[in-house]
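Heavy atoms only: backbone and side chains are in, while hydrogens, waters and symmetry mates are out.
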Amino acid sequence: MKMKNPLKGMGLPNVDSSSLEYNEIMAQIPEGKLITAKQIRDFLADRHDAQFPCPMTAGIFISLCAQASCERTDDRISFWRTLKSEGELNPKYPGGIEYQKEKLSKEGHTFTKKGRKNIRYFVENYENNLYDL
């Protein structure tokens, strides 16, 4: 069954980006700096003069970029610097949370955890280290 787009016909253009655009943005984040998926979505919405950056598509493309980076020998990107909203670490990245924590710790970041059963990790004060696109 095909789902209907609830925004169809409302005059709100979607962002029509490729994973290469996400890769390009993620590749430019310098050591010690961070970026969130929302920042990337908003940047691409502005670039494409669109109003609706799809969070699901963005998450898929960001995960694909991380996986592809690990599978190639050249042009690797520092995907671990791209966080989910509110500075949350991404468990879908290659190596999972532990790998991302290790890489970010080496760059001077510290973490907090939330939850009892479904534990989630966040970079403390991530807002102070956000990269300005």
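One hydrophobic cluster, built from ILVMFWY side chains closer than 4.5 Å, cannot hold both Leu20 and Ile60; they sit in different ones.
For Ile35 against Ile40, the heavy-atom pair with the smallest separation is CD1-CG1, 3.7 Å.
Note on ring orientation: taking the six-membered ring where Trp is involved, the planes of Tyr99 and Phe79 are parallel (angle under 30°, cut-offs 30° and 60°).
Note that CG of Leu89 is 11.5 Å distant from OG1 of Thr82, once rounded to the nearest 0.5 Å. Interatomic distance, SG of Cys54 versus CZ of Arg41, reported as 8.5 Å (0.5 Å rounding). Taken to the nearest 0.5 Å, the CD atom of Gln67 stands 12.0 Å off from the OH atom of Tyr93. Within the model, atoms CG of Leu133 and CG of Asp42 stand 10.0 Å from one another, a figure rounded to the nearest 0.5 Å. How far CG of Asn90 is from OG1 of Thr36: 12.0 Å, rounded to the nearest 0.5 Å.
Both tests hold for Lys101 against Tyr121: distance to the six-membered ring centre under 6.0 Å, angle to the ring axis within 45°.
Applying the salt bridge (charged side-chain N to carboxylate O under 4.0 Å, His left out) test to Glu24 and every residue at least two apart in sequence or in another chain returns Arg47. Residues passing the ring-ring contact (aromatic ring centres under 6.0 Å, His included) test with Phe43, sequence neighbours excluded: none.
Of the possible polar contacts, none joining the Glu107 side chain to the Arg81 backbone as a donor-acceptor pair under 3.5 Å is found. Not one N or O on the side chain of Glu88 forms a donor-acceptor pair closer than 3.5 Å with the backbone of Phe122.
Side-chain contact between His109 and Leu34: present, with at least one pair of heavy atoms (C-beta onward) separated by less than 4.5 Å.
Residue-environment remark: NZ (Lys33) exceeds the threshold of 12 foreign heavy atoms within 6.0 Å.
None of Ile77, Leu44, Leu64 except one satisfies the side chain to side chain contact (heavy atoms under 4.5 Å, CB included) rule with Tyr22; the exception is Leu44.
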